[in-house]
Amino acid sequence: MANGHGKEAALYEEHMSKIGKVRTQLGQLSGKSALYCSDASIARYLIARNWDVKKATKMLKKTLKWRSEYKPDEIRWDDISDEAVTGKIYRTDYFDKSGRSILVMRPGCQNTKNSHGQVKYLVYCMENAILNLPHGQDQMVWLIDFAGFNLGNLSIHVTKLTADVLQGHYPERLGVAILFNAPKFFEPFWKMASPLLERKTRNKVKFVYSDRPDTMKIVEDLFNMDELECAFGGKNPATFNINDYAVRMREDDKKMPSFWSPENSALASEPYLMSNQKPRESSSMGVKTEETESEKREDADTTDTTPENREESDTESEKEGPKDEETRTESTTVEQKSLPGEGTAPADKSGP
């Protein structure tokens with residue numbers, strides 16, 4: 001046990017050293033960039049690049065440039081409310097059993113054709129989900145409902161834009177994505193689209209079908225069924241109401257400026273903690289992430305994660321999981337500190 005503790009301490013010191021090296025390579029930072037680059041945030045980028053300092057620094061620099069130009073923390077409800085009216089994406093007012101924020105997505109409710117507007121709304125939802133993460137949790141869950149979905153909702157272009165933003169600028173934020181009752185015609189699209197995703201992201205995608213008890217167990221294990229909406233097999237009869245949701249989002253909008261103010265500069269020193277030190281830990285963490293497709297097109301991994309042969313006894317969870325121990329990394333998560341407001345805001349908003 002003592003030997004194990006010694007190895008753990010050595011690994012922690014190695015991680016802290018690499019966080020310091022990334023910080024050195026970033027150089028002098030100020031304003032929001034300094035706030036963003038907490039130890040916890042830098043650790044996420046290192047985890048996403050398997051603790052390669054050079055690659056993590058390159059990735060983080062791209063995010064800092066993107067955030068300075070795109071200004072995701074300055075997007076407000078009134079900027080994207082037209083995208084939200086049908087409830088195609090919204091954050092639930094409950095969390096999963098691990099305390100992760102939940103984004104419900106209903107691609108069948110798509111109401112616009114502007115791909116950049118759609119991505120902007122997704123970015124707003126990501127920032128809002130991160131804002132509302134409870135203390136000790138840094139990931140979210142996507143619940144994707146295919147009710148009303150049709151061929152007209154398929155878009156490789158939007159999928160690529162979404163993948164680039166999620167993987168490039170929100171590493172280690174997605175815990176699991178549940179694809180609920182995906183239709184058969186989605187399968188060939190998934191075969192085309194899945195190579196756009198890094199292996200780790202693909203491994204987080206779980207296909208669940210309401211008529212398959214074995215896959216429904218994934219939902220039962222993740223969520224409190226009394227809170228989960230009926231649409232996903234839960235007992236909560238609540239439905240999306242745009243007026244009520246707008247009130248919630250406007251209240252959340254008021255929190256963003258206070259977080260990014262100089263008064264919160266102390267958050268930049270938020271410590272990195274290894275997974276065994278975290279109050280909460282997601283079992284989906286600890287898997288090596290490849291470089292994004294845009295950075296490393298030569299990645300030949302094309303693992304088939306198509307939800308075919310639904311009659312087979314293996315669950316999609318088993319099919320989609322990591323293929324071998326070599327895909328696992330030694331460390332993993334980071335801790336966040338709560339911010340004032342609603343009692344559930346996290347401290348480390350510094351990065352996805």
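Note: hydrogens, waters and symmetry copies are ignored here, and every other heavy atom, side chains too, is used.
E229 contributes atom CD, which lies 15.5 Å from atom NZ of K235 (distance to the nearest 0.5 angstrom). With values rounded to the nearest 0.5 angstrom, I130 atom CD1 is found 11.5 Å from C125 atom SG. Rounded to the nearest 0.5 angstrom, Y245 OH and S81 OG are separated by 12.5 Å. Note: K21 NZ to T57 OG1 = 10.5 Å, rounded to the nearest 0.5 Å. Taking CE of M140 as the start and CG of D96 as the end, the distance is 11.5 Å to the nearest 0.5 Å. Interatomic distance, D93 CG to N236 CG, rounded to the nearest 0.5 Å: 7.5 Å.
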Under the side-chain hydrogen bond (donor to acceptor under 3.5 Å, both in side chains) rule, what do D253 and Y124 come out as? Steps first, then yes or no, please.
CA-CA 10 Å; D253 285 352; Y124 174 83; 2.9 Å; yes
Between Y121 and K88, is a side-chain contact (heavy atoms from CB on, under 4.5 Å) present by the stated rule, with each step listed?
CA-CA 10 Å; Y121 181 48; K88 63 185 179 185; 4.1 Å; yes
Go through the steps to decide whether F223 and L143 satisfy the test side-chain contact (heavy atoms from CB on, under 4.5 Å), and finish with yes or no.
CA-CA 11 Å; F223 305 100; L143 262 176; 3.9 Å; yes
Check the pair Y94 / N224 against side-chain contact (heavy atoms from CB on, under 4.5 Å), numbers first and verdict last.
CA-CA 9 Å; Y94 57 91; N224 295 309; over 6 Å; no
What verdict does the side-chain contact (heavy atoms from CB on, under 4.5 Å) test give for V22 and Q25, after you've listed the backbone C-alpha separation in whole Å, the side-chain angles of each residue and the deciding distance to 0.1 Å?
CA-CA 5 Å; V22 171; Q25 291 188 20; 5.8 Å; no
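Ring geometry for F207 versus W190: interplanar angle over 60°, hence perpendicular rather than tilted (30 to 60°).
When all heavy atoms of F95 and N132 are compared, the pair lying nearest together is CE2-O, 3.4 Å. In terms of heavy-atom proximity, Y45 sits nearest to A56 at O-CB, 3.6 Å. Smallest separation of non-hydrogen atoms from S101 and A129: OG-O, 2.9 Å. For G108 against N153, the heavy-atom pair with the smallest separation is CA-OD1, 3.7 Å. When all heavy atoms of L196 and A163 are compared, the closest pair comes out as O-CB, 4.1 Å. The minimum heavy-atom distance between I144 and P107, with the atom names listed, is CG2-CD, 3.9 Å.
V123 and L197 end up in the same hydrophobic cluster when Ile, Leu, Val, Met, Phe, Trp and Tyr side chains are linked at under 4.5 Å. With hydrophobic clusters built from ILVMFWY side chains whose heavy atoms lie under 4.5 angstrom apart, V158 does not share a cluster with L151. By the rule that hydrophobic residues join a cluster once side-chain heavy atoms approach within less than 4.5 Å of another member, V247 and Y90 end up as members of separate clusters.
Within the 3.5 Å criterion, the main-chain N or O of L222 finds no donor-acceptor partner in the side chain of S98. Between the S17 side chain and the E13 main chain, no donor and acceptor come within less than 3.5 Å of each other. Here the side chain of Q110 pairs a donor or acceptor atom with the backbone of T112 at under 3.5 angstrom. In terms of modelled atom types and a separation under 3.5 Å, the side chain of K55 and the main chain of R49 share no donor-acceptor contact. Not one N or O on the side chain of D164 forms a donor-acceptor pair closer than 3.5 Å with the backbone of L161. The closest donor-acceptor contact from the side chain of S33 to the backbone of L64 lies at 3.5 Å or more, if one exists at all. A donor-acceptor pair under 3.5 Å is formed between the side chain of K204 and the backbone N or O of L174. Counting only distance, with no hydrogens or angles, the side chain of R67 and the backbone of Y36 share no donor-acceptor pair below 3.5 Å. Between the R100 side chain and the K97 main chain, no donor and acceptor come within less than 3.5 Å of each other. Of the possible donor and acceptor atoms, none in the side chain of N50 sits under 3.5 Å from a partner among the backbone N and O of D52.
A salt bridge links D214 to R212: one of the charged nitrogens lies within less than 4.0 Å of a carboxylate oxygen. Electrostatic pairing of D39 and R23 counts as a salt bridge here, judged by a charged N lying under 4.0 Å from a carboxylate O. Using a cutoff of 4.0 Å between basic side-chain nitrogens and carboxylate oxygens, E187 and K184 are scored as salt-bridged.
Considering only heavy atoms from C-beta on, K62 stays 4.5 Å or farther from K65 through its side chain. Between I47 and P171 the shortest side-chain heavy-atom distance does not fall below 4.5 Å. You'll find the side chain of F149 reaches within 4.5 Å of the side chain of L154, heavy atoms only. Using a 4.5 Å cut-off on side-chain heavy atoms (C-beta onward), D145 and N181 make no contact. A heavy-atom distance below 4.5 Å is found between the side chains of K200 and E172. The shortest distance between side-chain heavy atoms of Y170 and R44 does not fall below 4.5 Å. For the pair M249/D252, a side-chain contact is recorded, criterion being any heavy-atom separation below 4.5 Å from C-beta on. Under the 4.5 Å side-chain criterion, counting only non-hydrogen atoms from C-beta, R250 is in contact with D78.
Residue F146 is tested with F180, F232, F186 for a ring pair (Phe, Tyr, Trp, His ring centres under 6.0 Å); the sole match is F186.
With a 6.0 Å radius and a threshold of 12 heavy atoms from other residues, nucleotides or ligands, K32 has its NZ atom above the threshold.
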